[in-house]
Peer 1: 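One structure, pasted below without further comment.
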Amino acid sequence: MISNDQFYQTLRLRFGFDSFRPGQLEALTSLASGQNTLAVLPTGAGKTLIYELYGAVTHQLVLVVSPLISLMQDQVISLNVRGEKRAAALTSQMSRSEHQWVVNHLKFYRYLFVSPEMLSQPQVLAAVKAVKPGLLVVDEAHCISTWGPDFRPEYLLLGQIRHQLGDPLTLMTTATATNRVKADIKRKMQLSKAAEIIQPVDRPNIFLDVERFEAADDKDARLVELVSELRTPGVIYFSSKKKANEMAELLNAKTSCRVAAYHADLDAETRFKVQQQFMQDQLDVICATSAFGMGIDKNNIRFVIHYHLPGDLESYWQEIGRAGRDGQQSVAILLYLSGDEQLSQFLSDATVPQDDEISYYFKHQPQENSAEKANLIWFYKQHGYREEQIKLAFTKRREQRALALSQLMTYVRIPTCKRAFIQGYFGQPIASKVSQCCVNDSEGLDLQQLGLLVSTPVSSGTQQADWQTIIAQLFNFS
DNA sequence: CGGTCTTGGTGTACACCAAGACCGGTGCGGTACT
């Protein structure tokens with residue numbers, strides 16, 4: 001049994017901190033007592049420190065399942081910078097020989113990062129199993145719930161994979177989880193008895209505003225007005241890459257802000273560049289799709305605007321939660337145009353196959369140019385799912401997405417306190433009432449009163465950050 | 001699904017409308033090609 005003293009000692013030696021942030025020690029103690037643990041901690045609470053410290057104290061392999069290659073690379077660099085060289089990310093971006101070298105030398109590593117897809121490969125799984133990891137970490141664990149079964153189906157295999165690894169001690173971490181998502185994560189990981197470490201998710205410094213429109217032109221005009229008036233930096237979310245491009249161009253032309261688009265069509269180099277420029281305050285506003293966000297830890301974002309509806313309230317909370325990490329007053333504005341929910345509906349229908357499609361694709365092996373749905377169904381068939389099971393899973397998924405959309409629409413329309421509604425949705429008690437709460441409590445959005453009006457014209461000579469600051473921002477230190 | 005843009009036919013020469021086409025998010029790994 002590991003004592004708290006050991007954790008404190010390692011915290012001092014390795015990180016130079018004297019105390020833990022809320023939730024960290026609780027999670028470590030829970031793991032040390034042998035309990036599988038689901039830790040719901042706000043971004044920036046230092047979820048990484050938990051498993052890094054656990055590995056350092058126990059001297060066993062920590063296997064981290066992560067959704068994005070860029071996230072894995074950030075973590076490896078950050079470990080390296082702290083002097084931990086025994087960290088690697090096993091990804092498709094390595095050459096065949098590099099990949100093979102890591103697989104053959106797993107016992108030399110203390111931290112190994114993999115995607116669910118990579119871990120599903122029999123050769124990788126066997127090699128990891130042979131090393132007997134002391135801790136399995138599922139980072140951004142809400143992905144298990146929000147992405148399966150119609151996107152990245154390997155996430156649904158993680159429960160099974162965990163058994164194949166010999167049921168190692170498991171830590172699941174996420175920043176946002178309703179009771180439904182928490183239950184879904186545990187069920188799919190087959191860890192119904194996992195302990196929960198929960199920190200409150202309310203963000204009292206984010207004012208909640210919803211504005212409704214009947215004409216598209218009115219919404220566009222309001223967006224331009226808001227971006228002209230609001231203090232930056234800010235993020236605007238879209239459900240269309242084309243619209244994100246168009247609006248970035250329009251805002252560059254009509255406001256004094258420096259604006260760029262960010263979505264999956266950009267090549268890796270441009271994406272990296274846009275992200276870094278935003279981090280370093282060389283860009284004021286990002287017009288993004290849902291591709292933007294995970295791993296972004298910028299503390300001075302003043303506004304998050306939604307031009308289109310997100311998929312559900314969990315995503316909404318996650319996206320607006322990127323504002324105001326520094327604790328300063330910030331604002332979340334949802335611009336709703338009548339009929340916007342039809343785009344959400346379409347995006348859901350486009351990836352969730354119907355029963356007749358499932359029957360067809362179940363019998364016909366996908367060809368090279370087959371639809372994503374065809375590959376999806378074949379994937380489940382190859383993993384032993386029966387046709388009826390697949391139909392049931394997707395029917396449930398369709399119902400769940402429809403419900404999520406209707407709950408979001410309730411948020412849009414509800415005439416009472418928006419924060420009270422969301423806190424209720426997350427199953428958390430309402431924190432003490434804040435004075436700047438939401439549009440319904442304050443009779444509208446008053447930027448002056450919130451202190452969010454841009455006071456001075458943008459950019460009076462760009463300030464050059466010193467190189468230490470730039471490097472620190474690059475690697476996400478805090 | 002539903003809005004927006006393009007195409008094509010009409011009847012009488014440049015405008016009009018109806019029918020049809022098009023579009024709409026998130027990423028991993030691997031494989032086949034230059």
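Naming: A, B, ... by sequence-line order, numbering from 1 per chain.
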Peer 1: Rounding to the closest angstrom, what is the interatomic distance between B:dG24 and B:dG29 at atom P?
Peer 2: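 One P to the other, the span is 27 Å.
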Peer 1: At a cut-off of 3.5 Å, list every protein nitrogen or oxygen paired with a nitrogen or oxygen from nucleotides 4-6 of chain B, distance to 0.1 Å.
Peer 2:
none

Peer 1: Under 4.0 Å, heavy atoms only, any strand: does A:H308 hit a base, just the sugar-phosphate, or nothing?
Peer 2: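 No contact.
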Peer 1: If we check side-chain hydrogen bond (donor to acceptor under 3.5 Å, both in side chains) with A:Y237, which of these qualifies: A:H308, A:R322, A:E319?
Peer 2: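 Going through A:H308, A:R322, A:E319 one by one, the side-chain hydrogen bond (donor to acceptor under 3.5 Å, both in side chains) with A:Y237 is satisfied by A:R322 alone.
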Peer 1: Using the test ring-ring contact (aromatic ring centres under 6.0 Å, His included), find all partners of A:Y316 that sit at least two apart in sequence or belong to another chain.
Peer 2: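 With neighbours one apart ignored, the set is A:H306, A:Y411.
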Peer 1: Quick test of your reading: applying side chain to side chain donor-acceptor pair (under 3.5 Å), list the pairs with at least one residue in residues 126-139 of chain A, sequence neighbours left out, ordered by first then second residue.
Peer 2: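 Of all non-adjacent pairs touching residues 126-139 of chain A, those that pass side chain to side chain donor-acceptor pair (under 3.5 Å) are A:D139-A:T173.
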Peer 1: Is there a donor-acceptor contact under 3.5 Å from the side chain of A:W317 to the main chain of A:V201?
Peer 2: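 Pair found, side chain donor or acceptor close to backbone of A:V201.
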Peer 1: Counting a pair only when it is Watson-Crick or G-U and both distances are under 3.5 Å, which runs of at least 3 such pairs involve DNA chain B?
Peer 2: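 The stems are B:1-10 with B:15-24.
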Peer 1: Protein-nucleotides 27-31 of chain B N/O pairs closer than 3.5 Å?
Peer 2:
{"residue": "B:dG27", "atom": "OP1", "partner": "A:R271", "partner atom": "NH2", "Å": "3.1"}
{"residue": "B:dG27", "atom": "O6", "partner": "A:E372", "partner atom": "OE2", "Å": "2.9"}
{"residue": "B:dG27", "atom": "N1", "partner": "A:E372", "partner atom": "OE2", "Å": "3.4"}
{"residue": "B:dC28", "atom": "OP1", "partner": "A:I69", "partner atom": "N", "Å": "2.8"}
{"residue": "B:dC28", "atom": "O3'", "partner": "A:S115", "partner atom": "OG", "Å": "3.1"}
{"residue": "B:dG29", "atom": "OP1", "partner": "A:S115", "partner atom": "OG", "Å": "3.3"}
{"residue": "B:dG29", "atom": "OP2", "partner": "A:S92", "partner atom": "N", "Å": "3.3"}
{"residue": "B:dG29", "atom": "OP2", "partner": "A:S92", "partner atom": "OG", "Å": "2.6"}
{"residue": "B:dG29", "atom": "O3'", "partner": "A:Q121", "partner atom": "NE2", "Å": "2.5"}
{"residue": "B:dG30", "atom": "OP1", "partner": "A:Q121", "partner atom": "OE1", "Å": "2.7"}
{"residue": "B:dG30", "atom": "OP1", "partner": "A:Q121", "partner atom": "NE2", "Å": "2.3"}

Peer 1: Applying salt bridge (Lys or Arg N to Asp or Glu O under 4.0 Å), which residue pairs with at least one partner in residues 260-270 of chain A are found, sequence neighbours left out?
Peer 2: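 Matches after skipping sequence neighbours: A:K241-A:D265.
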Peer 1: Which residues pass the side chain to side chain contact (heavy atoms under 4.5 Å, CB included) test with A:T146, not counting sequence neighbours?
Peer 2: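 Counting only residues at least two positions away or on another chain, A:T146 forms a side chain to side chain contact (heavy atoms under 4.5 Å, CB included) with A:H142.
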Peer 1: Regarding A:E154 and A:S120, do their side chains bring together a donor and an acceptor under 3.5 Å, going by distance alone?
Peer 2: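 There is no such pair (donor and acceptor under 3.5 Å, judged by atom type) between the side chains of A:E154 and A:S120.
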Peer 1: Only pairs at least two apart or in different chains count here, so list each ring pair (Phe, Tyr, Trp, His ring centres under 6.0 Å) that has a residue in residues 347-378 of chain A.
Peer 2: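 Only A:Y360-A:H364 qualify under ring pair (Phe, Tyr, Trp, His ring centres under 6.0 Å).
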Peer 1: Pick out the pairs of N or O atoms, protein on one side and nucleotides 20-24 of chain B on the other, that lie under 3.5 Å.
Peer 2:
{"residue": "B:dG24", "atom": "O3'", "partner": "A:S239", "partner atom": "O", "Å": "3.3"}

Peer 1: With sequence neighbours excluded, what pairs up with A:F151 under the ring-ring contact (aromatic ring centres under 6.0 Å, His included) test?
Peer 2: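 In terms of ring-ring contact (aromatic ring centres under 6.0 Å, His included), with neighbours along the sequence ignored, A:F151 is linked to A:W147.
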Peer 1: Can you list every salt bridge (Lys or Arg N to Asp or Glu O under 4.0 Å) pair that touches residues 113-128 of chain A, not counting sequence neighbours?
Peer 2: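 Checked against salt bridge (Lys or Arg N to Asp or Glu O under 4.0 Å) - neighbours excluded - the pairs reaching residues 113-128 of chain A are A:E117-A:R152.
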Peer 1: For A:Y262, which residues count as a ring-ring contact (aromatic ring centres under 6.0 Å, His included) partner, sequence neighbours excluded?
Peer 2: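 ring-ring contact (aromatic ring centres under 6.0 Å, His included) list for A:Y262, sorted by chain: A:F292.
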Peer 1: Indicate yes or no: does A:R110 engage A:E84 in a salt bridge with an N to O separation below 4.0 Å.
Peer 2: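 No salt bridge links A:R110 with A:E84.
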